[in-house]
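Numbers here are sequence positions counted from 1. Being a predicted model, the structure only gives us computed values, none of them experimental.
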Amino acid sequence: MKLFFMHIPKTAGTSFRRFLERSVRERGGTVSGRAADGIWSPDSESYPSYDEFVATRAEPYRHCDLICGHYPYHVTEFLDADTIVVTVLRNAIERCVSHVKHQMALERQVQGSCAADVNEFLTESRNQFFLQTIGNLGVKYLAGRMAPNSIVQPEDLSLDIAVANCCQTLFGFADELSAFQHRLGTLLAVPGAGGLPVRRENESRDRFAVSDLSARNRDLLRELNQRDLLLEELMREILAARSGSNVERGERLAELT
């Protein structure tokens, strides 16, 4: 069984990647390597670049039983046809706050200073380009055919394609990570697969929650993530429908898909 972990940034994906790597290695499988980013620890989520992955058509990695990376769904066309795609989704507002906190931690480490908190960061005009790159990131990964950090207008992102592709993956949500680990661990037949700790690399200093957002900034993030918020709503319904009885599941999935 070959797996591709489509790691959407700031979705607790590093914790889940560690779980997948351990699971595959316990079965004697091979895992794709990561790139050293020189900033975070060697166990961070730094991967070979998207451009490199596409330029090589994933050839250096195709022998691996598990491929992990910040690569959109469309790269599956380079992988073996029986490769199973796994991903973790997260509420877009929570994801954006986490992404901003990551950026702030990076600026603090590299430049020695940054905005005082997330609200200040969101109001600084110099950060507007960055905010555009992280908008609708889930739909961009699932439906786009461009570099993940590209700026794409919402109307150019197909929610229908994103939902269809997500339905072809094994997906779960960051706020239900233990349940997803257990579900996937059962599929992979890995004993004791659940219960891995979630990484909190950026939260020790920036204790900022979504509830701390100003009304203006909450509206700003909603505006930047309209497609992703719809994707979350639909995929949570689909996941719930899949968990129901056979009759209910079939009827509900027919309605949603």
Open item on the list: My understanding is that only residues two or more places apart in sequence, or in another chain, count here; which of them pass side chain to side chain contact (heavy atoms under 4.5 Å, CB included) with P148?
Closed with: Y50, P72, Y141

From [atom1] ([X]) to [atom2] ([Y]), nearest 0.5 Å:
{"X": "S113", "Y": "R108", "atom1": "OG", "atom2": "CZ", "result": "9.5 Å"}
{"X": "L66", "Y": "I84", "atom1": "CG", "atom2": "CD1", "result": "11.5 Å"}
{"X": "L137", "Y": "T11", "atom1": "CG", "atom2": "OG1", "result": "9.0 Å"}
{"X": "I8", "Y": "Y73", "atom1": "CD1", "atom2": "OH", "result": "12.5 Å"}

TODO: Go through the steps for V163 and L231 under the test side chain to side chain contact (heavy atoms under 4.5 Å, CB included), then give the verdict.
DONE: CA-CA 7 Å; V163 169; L231 175 68; 3.9 Å; yes

With side chains defined as the heavy atoms from C-beta onward, is the minimum distance between [X] and [Y] less than 4.5 Å?
{"X": "E223", "Y": "L220", "value": "no"}
{"X": "I93", "Y": "L213", "value": "yes"}
{"X": "V100", "Y": "F208", "value": "no"}
{"X": "L89", "Y": "D228", "value": "no"}
{"X": "M6", "Y": "T76", "value": "no"}
{"X": "T169", "Y": "F4", "value": "no"}
{"X": "V97", "Y": "L221", "value": "yes"}
{"X": "L131", "Y": "L122", "value": "yes"}

Under 3.5 Å donor-acceptor, [X] side chain and [Y] backbone:
{"X": "R17", "Y": "C68", "value": "no"}
{"X": "R218", "Y": "V210", "value": "yes"}
{"X": "R25", "Y": "V31", "value": "no"}
{"X": "K140", "Y": "S150", "value": "yes"}
{"X": "R183", "Y": "F171", "value": "yes"}
{"X": "N91", "Y": "E94", "value": "yes"}
{"X": "R95", "Y": "R90", "value": "no"}
{"X": "S23", "Y": "F19", "value": "yes"}

Taking a hydrophobic cluster as the set of Ile, Leu, Val, Met, Phe, Trp and Tyr residues connected by side-chain heavy atoms closer than 4.5 Å, whether directly or through intermediates, do [X] and [Y] fall within one such cluster?
{"X": "V152", "Y": "V75", "answer": "yes"}
{"X": "F173", "Y": "V85", "answer": "yes"}
{"X": "L230", "Y": "I238", "answer": "yes"}
{"X": "V139", "Y": "M146", "answer": "yes"}
{"X": "L239", "Y": "M235", "answer": "yes"}

With [X], which residues qualify under side-chain hydrogen bond (donor to acceptor under 3.5 Å, both in side chains), at least two apart?
{"X": "Q111", "value": "none"}
{"X": "H63", "value": "none"}
{"X": "N149", "value": "none"}
{"X": "T30", "value": "D65"}

Please give me the minimum heavy-atom distance between [X] and [Y], naming the atom from each residue.
{"X": "N225", "Y": "I134", "result": "OD1-O, 3.9 Å"}
{"X": "A115", "Y": "E124", "result": "CB-OE2, 3.8 Å"}
{"X": "M104", "Y": "C114", "result": "O-SG, 3.6 Å"}
{"X": "V54", "Y": "F78", "result": "CA-CE1, 4.0 Å"}
{"X": "E52", "Y": "Y61", "result": "OE2-OH, 2.9 Å"}
{"X": "A174", "Y": "V88", "result": "N-CG1, 3.7 Å"}

Would you mind checking if [Y] and [X] are paired as a salt bridge, meaning a charged N to carboxylate O distance below 4.0 Å?
{"X": "K2", "Y": "D82", "result": "no"}
{"X": "R145", "Y": "E77", "result": "yes"}
{"X": "D219", "Y": "R222", "result": "yes"}

TODO: Specify whether Y47 and H7 have parallel, tilted or perpendicular ring planes, treating 30° as the upper limit for parallel and 60° as the lower limit for perpendicular.
DONE: perpendicular

- [ ] Determine the interplanar angle of the F130 and F121 rings, folded into 0 to 90°, and report it as parallel if under 30°, tilted if 30 to 60°, perpendicular if over 60°.
- [x] perpendicular

Open item on the list: Which residues end up grouped with F129 if you chain together Ile, Leu, Val, Met, Phe, Trp and Tyr wherever their side-chain heavy atoms are less than 4.5 Å apart?
Closed with: I151

Task: Passing option when R62 is tested against D80, T56, T83 for side-chain hydrogen bond (donor to acceptor under 3.5 Å, both in side chains) - done: D80

- [ ] Quickly, which of L184, L79, I67, V86 forms a side-chain contact (heavy atoms from CB on, under 4.5 Å) with L3? Name it, please.
- [x] V86

Task: Side-chain H-bond candidate by donor/acceptor type, S214 with N217, under 3.5 Å - done: yes

